[in-house]
J.: 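Please see the structure below; I have some questions.
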Amino acid sequence: MQLAHTIAELNQALASADADGKRVGFVPTMGALHAGHLSLVKKAQELDLFVVVSVFVNPRQFGHGDDLTNYPRTLGVDARVLTDAGVDILFAPSGSEVYPSSGVEEISAGELGNRFEGASRPGHFDGMLTVVNRLFNLVQPDVAFFGSKDAQQLVLVSQMVKRQVANGDREPIKIVACDTVRDESGLALSSRNQRIARDLLPAAQTISTALFAGSKKPSKQACIEAAKAELDPKIRLDYIELVNPDTFEVVESCEGSRMVIAARVGEVRLIDNLLLGGFA
Ligand code: PAF
């Protein structure tokens with residue numbers, strides 16, 4: 001695996017992909033890698049892509065009161081894990097490499113960026129799209145991989161690329177949505193799980209139990225009630241709703257909807273979701 005910290009090093013490493021005539025698969029991450037990230041890498045490898053993983057904790061997608069300072073940073077371990085996984089390039093840039101003093105396009109997430117995660121974390125999606133757009137410009141992937149746990153992020157990235165391609169602003173990038181990876185209890189894997197206090201883990205696990213319970217009910221009201229009934233009293237619920245999976249508009253019917261949930265467990269904020277009709 002080639003490790004690139006600068007854009008010059010990245011370009012040099014990418015030239016070897018060009019030389020082999022391989023298409024580039026990109027997995028953007030903020031590090032503290034877990035089996036969920038590795039499932040994205042595996043998917044890219046199954047498609048015989050030259051795999052680039054980025055590790056960059058993007059300050060612009062953390063708001064006031066968010067956990068930027070406490071966000072786990074484990075680059076040494078991440079690099080070893082990615083080497084073992086057979087990744088071709090690890091791009092781990094500094095802040096100044098990603099955000100030079102000028103020339104970085106600010107992307108607005110628009111109306112969808114103000115719903116749910118966007119309402120709870122103002123500016124989060126603008127910052128996320130800005131960095132993803134910047135990383136796409138640097139890596140120039142053919143295919144990019146995102147986990148379905150961050151379902152709203154996935155829709156926003158897909159829409160951004162679609163818009164840019166339609167405007168002739170970029171070459172097409174295929175956005176691949178990958179299934180959420182869960183531990184044996186059902187808890188969705190997240191880098192933030194590392195920060196859940198051991199005694200609060202059983203409470204955190206009720207987030208996915210709630211989704212499972214809700215998904216078995218035929219009406220929206222029954223679905224939300226069943227889900228809430230599963231939540232441990234130590235969970236501080238931010239939102240639970242049924243939404244249209246493409247627009248994140250609230251819907252009244254379970255059929256074809258996505259149940260989304262966000263909650264705090266101690267200091268850690270977790271999100272999860274389920275496409276009704278089966279796990280996604
Ligand atoms: O999902 C994440 O880890 C981040 O939002 C991403 C896509 C790497 C952008 O910083």
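Counting convention: from 1, in listed order, for ligands and their atoms alike.
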J.: As an exercise, identify every atom of ligand 1 less than 4.0 angstrom from a heavy atom of T29.
T.: 8 (C)

J.: Indicate yes or no: does an N/O atom of Q153 lie under 3.5 Å from an N/O atom of ligand 1?
T.: yes

J.: Would you say Q61 and ligand 1 have an N/O pair spaced under 3.5 Å apart?
T.: yes

J.: Give, for atom CD1 of I107 and atom CZ of R60, the distance between the pair rounded to the nearest 0.5 Å.
T.: 11.0 Å

J.: Checking F136 now: which residues fulfil ring-ring contact (aromatic ring centres under 6.0 Å, His included) with it, not counting sequence neighbours?
T.: none

J.: Please identify which atoms of ligand 1 are closer than 4.0 Å to at least one heavy atom of V131.
T.: 9 (C), 10 (O)

J.: In sequence, state the C-alpha distance, the side-chain angles, and the governing distance for K220 and E241, and then conclude on salt bridge (Lys or Arg N to Asp or Glu O under 4.0 Å).
T.: CA-CA 9 Å; K220 174 171 176 175; E241 228 346 319; 2.9 Å; yes

J.: Roughly how far apart are S54 OG and L138 CG, rounded to 0.5 Å?
T.: 9.5 Å

J.: Which is it for L135 and ligand 1 at heavy atoms under 4.0 Å: side chain, backbone, both or neither?
T.: neither

J.: Applying side-chain hydrogen bond (donor to acceptor under 3.5 Å, both in side chains), can you list everything that pairs with Q45, at least two apart in sequence or on another chain?
T.: none

J.: Which of the numbered atoms in ligand 1 are under 4.0 angstrom from any heavy atom belonging to M128?
T.: 5 (O)

